[in-house]
Protein chains: 2
Amino acid sequence: MDDHTDQIRKPRADAVRNRERVLEAAKAVFNAGGPEASLEAVAKRAGVGIGTLYRHFPTREDLFEAVYRREVEQLSELAEQLKNAKDPVDALRRWLRSGVEFVATKKGMVAALALAVQSGSELHAFSFERLSKAIGSLLDRAAAAGAMRADVSPEDLLRAFFGMCYMHDQPGWQSSVLRMLDVFVDGLRVQPVVKAKARVAARPAKPAAKRKR
Amino acid sequence: MDDHTDQIRKPRADAVRNRERVLEAAKAVFNAGGPEASLEAVAKRAGVGIGTLYRHFPTREDLFEAVYRREVEQLSELAEQLKNAKDPVDALRRWLRSGVEFVATKKGMVAALALAVQSGSELHAFSFERLSKAIGSLLDRAAAAGAMRADVSPEDLLRAFFGMCYMHDQPGWQSSVLRMLDVFVDGLRVQPVVKAKARVAARPAKPAAKRKR
DNA sequence: GAAGATACGGAGGCAGCCTCCGCTTAACAA
DNA sequence: TTGTTAAGCGGAGGCTGCCTCCGTATCTTC
């Protein structure tokens with residue numbers, strides 16, 4: 001909307017450079033020392049003053065956002081691609097598995113997201129919206145095909161996913177999470193009326209809101 | 001083992017009193033301000049010096065442990081009771097639901113546990129051991145009865161449970177978690193061979209390690 | 001080259017962590 | 001009771017990290 005107002009000064013070269021340096025330093029420092037690492041350490045590593053860091057990224061979360069936005073986008077794009085897979089349930093499973101790998105690589109991200117969630121920050125809002133949308137279409141497709149229960153929202157799924165990944169620094173977390181996700185996806189499949197027990201009325205028949213067709 | 005060594009001085013009355021005061025204050029402060037709340041605030045509220053607080057609880061985790069140990073024990077006892085229920089799967093489901101309620105009440109606990117997990121503290125070790133054991137018997141019973149897949153460890157389950165609850169300060173978390181747990185338990189049931197699709201080889205037939213009979 | 005906008009850096013105020021040690025007080029013996 | 005002494009108390013103080021503010025330096029534009 002203000003893309004081409006009258007005269008726009010070219011951004012200062014040093015500013016651009018510094019921003020980049022800070023980002024790089026932040027990525028390194030956060031990955032090494034967790035998301036609570038000292039911002040002064042980041043500044044020092046970037047070779048800039050603490051004031052400069054704060055000017056570019058007024059809050060810690062702003063810094064997280066800049067560092068991890070791209071990574072969230074990658075995850076989201078992956079879902080986008082899987083949209084075209086044949087078996088939608090399998091696509092979902094594949095996305096979740098990839099997500100786990102992803103988390104395993106970028107250890108910093110989950111912790112940052114967890115922090116972001118608690119503080120209700122931008123990053124959280126952005127990430128959840130982006131990912132929800134991406135996964136939402138997977139879910140919708142699966143539900144529309146009748147291959148999966150339809151009363152589970154993308155947000156639900158994300159919460160569960162990230163929650164499980166949150167334990168990502170315990171010994172066997174990765175295989176554990178994979179196992180749990182498997183169980184979860186199994187539970188997600190629409191089940192034939194195998195159990196004539198009590199839970200009959202528990203699940204509403206209507207597909208809850210945003211069905212595709 | 002050193003219950004009656006030669007001469008043991010009776011513990012000082014003021015020390016006992018102060019310990020109690022600090023615990024009470026801590027519970028209040030943590031529940032209100034989260035587990036990162038200032039320890040000096042706790043001391044002030046307890047009406048003791050900061051030094052006293054640190055003498056009784058050298059680390060923040062020690063304080064958490066003392067505050068939340070009892071609560072963990074309650075959860076664990078609940079599982080103990082459910083052991084006698086008829087339907088083991090249902091018992092598990094009930095335990096999980098109670099767990100959610102529990103978390104809803106004692107908001108402090110999950111956050112504290114989450115912190116504890118990351119720092120690999122006592123509290124974490126203790127809690128996980130205690131709860132694992134309690135749930136383990138539920139799982140075993142269910143698996144032995146053939147009502148549930150047997151390749152899921154109590155630790156897995158706990159991780160998943162706490163993970164899901166970790167988002168416990170977002171708007172609709174409670175119903176979301178309940179929904180997810182339902183899905184999860186569904187996935188946990190051993191499924192009849194309803195789907196002759198691809199996933200045939202995915203799950204090994206052998207019940208993985210500790211089967212009951 | 002000059003002017004003016006923009007960005008830099010770090011001093012400094014504040015808060016919380018944790019330690020240390022001189023003083024107080026409770027428990028026990030006589 | 002009173003004296004002795006171990007146990008406990010409290011808060012000053014050193015340290016680290018957060019964040020703001022503003023005098024100074026540097027870049028862009030003309």
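A note on names: the letters A, B, ... follow the listed sequences, proteins ahead of strands, and every chain is numbered from 1. In what follows, every heavy atom counts, from backbone to side chain, and hydrogens, waters and symmetry copies are set aside. Worth saying up front: this structure is predicted, and the values here are computed from it rather than measured.
The separation between Leu53(B) atom CG and dG10(D) atom P is 11 Å, rounded to whole Å. The CD-C1' distance, from Glu40(A) to dT20(D), rounds to 12 Å in whole Å. The nearest whole Å value for the distance from the CG atom in Asp14(B) to the C1' atom in dT24(C) is 10 Å. What separates CD1 of Ile8(A) from P of dC27(D) is a distance of 21 Å, to the nearest Å. Note: OH (Tyr54(B)) to C1' (dC21(C)) measures 18 Å, nearest angstrom. Regarding Lys10(B), its NZ atom lies at a distance of 16 Å from the C1' atom of dG8(D), rounded to whole Å. Taking atom CZ on Arg17(A) and atom P on dT26(D), their separation rounds to 11 Å, with Å as the unit.
Distance check, rounded to the nearest 0.5 Å: CE of Met164(B) to CE of Met164(A) gives 3.5 Å.
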Verdict with supporting geometry, Arg149(A) and Asp186(B), salt bridge (Lys or Arg N to Asp or Glu O under 4.0 Å): CA-CA 11 Å; Arg149(A) 52 193 287 178; Asp186(B) 276 359; 3.4 Å; yes
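Every residue meeting the side chain to side chain contact (heavy atoms under 4.5 Å, CB included) condition with Gln74(A), not counting sequence neighbours, appears here in chain and number order: Arg70(A), Phe102(A). Ser153(A) is linked by a side chain to side chain contact (heavy atoms under 4.5 Å, CB included) to Glu155(A), Asp156(A), counting only residues two or more places apart in sequence or in another chain. Partners of Glu71(A) according to the side chain to side chain donor-acceptor pair (under 3.5 Å) rule, which considers only residues two or more places apart in sequence or in another chain, do not exist here. For the side chain to side chain donor-acceptor pair (under 3.5 Å) test, residues two or more places apart in sequence or in another chain that qualify with Arg12(B) are Asp14(B). Take Arg17(B) and apply the side chain to side chain donor-acceptor pair (under 3.5 Å) test, not counting sequence neighbours, and it matches no residue. Arg94(B) pairs by the side chain to side chain donor-acceptor pair (under 3.5 Å) definition with Asp90(B), not counting sequence neighbours.
Contacts between residues 25-38 of chain A and DNA chain C, counted as heavy-atom distances below 4.0 Å, involve no residue at all. Across residues 45-52 of chain B, Val48(B), Gly49(B), Ile50(B), Gly51(B), Thr52(B) each have a non-hydrogen atom less than 4.0 Å from an atom of DNA chain D (numbered order). Contact check of residues 55-64 of chain A against DNA chain C (heavy atom, cut-off under 4.0 Å) returns Arg55(A), His56(A).
Using modelled atom types, one finds no donor on one side chain facing an acceptor on the other under 3.5 Å when comparing Asp140(B) with Ser137(B).
Contact of the Asp62(A) side chain with the His56(A) side chain is not registered, since no non-hydrogen atoms from C-beta on lie closer than 4.5 Å.
Between Tyr166(A) and Trp173(A), the distance from one ring center to the other does not fall under 6.0 angstrom.
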Which donor-acceptor pairs under 3.5 Å do the side chains of residues 29-41 of chain A make with protein atoms, sequence neighbours left out?
| residue | atom | partner | partner atom | Å |
| --- | --- | --- | --- | --- |
| Asn31(A) | OD1 | Gly108(A) | N | 3.3 |
| Asn31(A) | ND2 | Lys27(A) | O | 3.4 |
| Ser38(A) | OG | Glu40(A) | N | 3.1 |
| Ser38(A) | OG | Ala41(A) | N | 3.0 |

List the atom pairs, donor and acceptor, that lie under 3.5 Å between side-chain atoms in residues 123-134 of chain B and the rest of the protein, sequence neighbours left out.
| residue | atom | partner | partner atom | Å |
| --- | --- | --- | --- | --- |
| His124(B) | NE2 | Gln170(A) | NE2 | 2.7 |
| Ser127(B) | OG | Leu123(B) | O | 2.6 |
| Arg130(B) | NH1 | Ser76(B) | OG | 2.8 |
| Ser132(B) | OG | Phe128(B) | O | 2.6 |

Are any protein N/O atoms closer than 3.5 Å to N/O atoms in nucleotides 3-7 of chain D? If there are, list each pair with its distance.
| residue | atom | partner | partner atom | Å |
| --- | --- | --- | --- | --- |
| dA7(D) | N3 | Arg12(B) | NH1 | 2.4 |

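Other residues, nucleotides and ligands place more than 12 heavy atoms under 6.0 Å from the CD atom of Glu80(B).
Two residues, Leu39(B) and Arg19(A), neighbour DNA chain C, and the one matched to the more 5' nucleotide by heavy-atom proximity is Arg19(A).
Between dC8(C) and Asn18(A), a contact under 4.0 Å exists linking OP1 or OP2 to a side-chain N or O.
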